[in-house]
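What follows is one structure encoded as structure tokens, with my remarks underneath.
In what follows, every chain begins at residue 1, and chains take the letters A, B, ... in the order their sequences are listed. Worth knowing before you read on, the calculation uses all heavy atoms, side chains too, and leaves out hydrogens, waters and symmetry mates.
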Number of protein chains: 2
Amino acid sequence: MGAVDVTRKSALGRPRSFDADEALGRAMVVFWEQGYEGASLTDLTSAMGITKTSMYAAFGNKEELFRKALRRYAEGPASYVAEALARPTALEVVEAFLTGAVETSTRPGCPAGCLSVQGSLAAGEAGRPARDVLIAWREECRAYLRDRFRRAVDEGDLPPDTDPELLARYVMTVANGIAVQAAGGAGRDELRQVADLAMRNWQPVR
Amino acid sequence: MGAVDVTRKSALGRPRSFDADEALGRAMVVFWEQGYEGASLTDLTSAMGITKTSMYAAFGNKEELFRKALRRYAEGPASYVAEALARPTALEVVEAFLTGAVETSTRPGCPAGCLSVQGSLAAGEAGRPARDVLIAWREECRAYLRDRFRRAVDEGDLPPDTDPELLARYVMTVANGIAVQAAGGAGRDELRQVADLAMRNWQPVR
DNA sequence: CAACTTCAGTACCGTTCGGTACCGAACAAT
DNA sequence: ATTGTTCGGTACCGAACGGTACTGAAGTTG
């Protein structure tokens, strides 16, 4: 949550008559549902309730709008990531992470799946920058998990022969798979079970 | 492999001067790499080495070309699915399935990832039919796994309290996650480890 | 009020999209 | 040889793309 910095250069002139934060939220949903390339400016601006001109003035261009929408996604629907990382034990981290992935990917009233996965996996020339941003974001997320597991090893929370790198990649893999499943129509309860199954035997992980 | 049915209406007239099978293979790679919407007709036909006119005459239109490319993908790079399902035990099925997913998603000289996952997760209006075809394909794949696990339960190969539906969804989830990871640049060895980890404790599955 | 700035909107930019009409040439069957 | 069909290639279609110039109105500051 919180106001997104839209960097108004001055306080002069006629003030903006739409809520930039609200508009960004609408754009986020469109990107979430249709991906970067699949979301046209017409789709975006009509969902945002503003004209193309206003969008360009407020957000720069389509790519910047996407970046800001992603930031907002990270702070909003995907805030479960940061919350999960703050849990006291590694087991709880994984539990919260996968639970968050399931719930965010299957939230009623929101698009099914995860923006960072379906926003752009494959892309033509035009969508490549957006794809790279999403790859970087997922990498960052994985690095956080890895660091968290390293700490857990140091603290004796995980067995000393645990491979934090591998464990982080495994958890990310399951989370990404959950997003794909959700995009394909899988329901929350079914994915909840999948997440449980993925964790059930996680303790003996070495 | 095998000739793709391109349905020549008659033997009359000048024969085709390009190899339709070869051309379809090239198109498959482009779709694999760029997705349905991301692959333009120009991208496709220039990779296929033919003109737009020839493409339309031979394959119908972009959507049909995609369908045929998907069929070819299923018979070629994704043939590991059928092979895995034919293994004698459920454990071997899962092993072969996940190994195949890793190898196909990280094959040198081929696009990273899985066509059915990144071909179209999210889509604008134009890409929706392609997306639905891919969803159906993944569903079909999952149903095959489920049926195979049901059989394994009947045969006593899996514990009688196993949930084949859940197990199939779990395996598909991991496979899909692997494809996403591969599309994000993960290497074969790393994903190989992830697949091992996903299977390591699979035996006590109930 | 006057000066300025930004508003929302329209019309339009050049480009690319998927898809077609038409072409003369090439080949097969009669 | 004639007829019929398809070839590969060019030129083009209307529509949609991302993005911009220009407009008169609206609002803030001096």
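- Computed from coordinates, the Glu37(B) CD to dT16(C) C1' distance equals 15 Å when rounded to whole Å.
- Ionic pairing of Glu103(A) and Arg107(A) is not present here: no N-O contact between side-chain nitrogen and carboxylate oxygen is shorter than 4.0 angstrom.
- Taking atom OH of Tyr56(B) as the reference point, atom C1' of dT6(D) lies 18 Å away to the nearest angstrom.
- For the pair Arg72(B) and Glu75(B), the salt-bridge criterion is not met [side-chain N within less than 4.0 Å of a carboxylate O].
- Nearest nucleotide to the Ser40(A) side chain, out of dC22(C), dC17(D), dC22(D): dC17(D).
- Across the protein-nucleic acid pair, Phe31(A) atom CZ and dG18(D) atom C1' stand 12 Å apart, rounded to whole Å.
- The NZ-C1' distance, from Lys62(A) to dG19(D), rounds to 12 Å in whole Å.
- In the set dG19(C), dC27(C), dC7(D), the nucleotide with an atom closest to the side chain of Pro15(B) is dC27(C).
- Summary of the strand contacts: Met55(B) and Phe18(A) both lie near DNA chain C, and taking for each the nucleotide with the nearest heavy atom, the more 5' one is attributed to Phe18(A).
- Residue Ser54(B) places at least one side-chain N or O closer than 4.0 Å to OP1 or OP2 of dG8(D).
- The nearest whole Å value for the distance from the CZ atom in Arg16(A) to the P atom in dG9(C) is 14 Å.
- Residue Thr53(B) places none of its side-chain N or O atoms closer than 4.0 Å to OP1 or OP2 of dT10(D).
- For Thr42(B) and dC17(C), the shortest distance from a side-chain N or O to OP1 or OP2 is below 4.0 Å.
- One atom, CG of Leu44(A), and another, P of dC17(D), lie 10 Å apart when rounded to the nearest Å.
- Closest contact between the side chain of Leu41(A) and the listed nucleotides dG19(D), dG18(C), dC17(D) involves dG19(D).
- As rounded to whole Å, 14 Å separates atom P of dC7(D) from atom CG of Asp19(B).
- Between Arg26(B) and Glu22(B) there is a salt bridge, since a side-chain N of the basic residue sits under 4.0 Å from a carboxylate O of the acidic one.
- Rounded to a whole Å, the CE atom of Met48(B) is 15 Å from the C1' atom of dG18(C).
- One N or O donor and one acceptor, one from the side chain of Lys52(A) and one from the base of dG19(D), sit under 3.5 Å apart.
- Judged by distance alone, the side chain of Lys62(A) and the main-chain N or O of Tyr36(A) form a donor-acceptor pair under 3.5 Å.
- Remark: the Asn176(B) side chain and the Thr173(B) side chain contain no N/O donor-acceptor pair separated by less than 3.5 Å.
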